[in-house]
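Here the structure comes first, spelled out in structure tokens, and everything after it is commentary.
Computed over heavy atoms, backbone and side chain alike; hydrogens, waters and symmetry mates excluded.
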Amino acid sequence: EMKAFMEENPNYALAANLVLSDKGQQEPKSRVWEGIRSEITNVVDTLLSRPDSDPKALLDDLQRKAEAKMKPQG
């Protein structure tokens, strides 16, 4: 059934093959990504739980934190 579905839906088959071959990543492959992802989650949680929060200020702060995490350590 799956083979028939893939034959009838070539775009789905292409996407499935990319994921299976580890080429269809939905998230970056970076050592710092998890930390940045966590910061993004915090911003979204804040925006949803505190309607009076300032989205621009939160995003500016997120950008600073993400840039700091991406700087080479040494």
Identify each donor-acceptor pair in which a side-chain atom of residues 54-61 lies under 3.5 Å from a protein atom, sequence neighbours left out, and give them as a table.
from  : atom 1 : to    : atom 2 : distance (Å)
Asp54 : OD1    : Lys56 : N      : 3.1
Asp54 : OD1    : Ala57 : N      : 3.4
Lys56 : NZ     : Asp60 : OD1    : 3.0
Lys56 : NZ     : Asp60 : OD2    : 3.1
Asp61 : OD2    : Lys65 : NZ     : 3.2

Exercise for review: List, by chain and then residue number, the residues other than Phe5 in its hydrophobic cluster (Ile/Leu/Val/Met/Phe/Trp/Tyr, side-chain heavy atoms under 4.5 Å); write none if there are no others.
Suggested key: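 Reading the cluster by chain and number, Phe5 sits alongside Met2, Met6, Tyr12.
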Review point. Salt bridge between Glu34 and Arg37, side-chain N to carboxylate O under 4.0 Å?
Key: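 Yes, this pair counts.
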**Study point:** Qualifying salt bridge (Lys or Arg N to Asp or Glu O under 4.0 Å) pairs with a residue from residues 1-14, counting only residues at least two apart or across chains
**Key:**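 Every candidate salt bridge (Lys or Arg N to Asp or Glu O under 4.0 Å) pair involving residues 1-14 fails, so no pair, neighbours aside, qualifies.
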Review point. Which atoms form the tightest heavy-atom contact between Val32 and Lys69, and what is the distance?
Key: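 Taking every non-hydrogen atom into account, CG1-O, 3.2 Å.
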Check your understanding: Which distance, rounded to the nearest 0.5 Å, do you find between the CD of Gln63 and the CD1 of Ile36?
Key ->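 Interatomic distance, Gln63 CD to Ile36 CD1, rounded to 0.5 Å: 11.0 Å.
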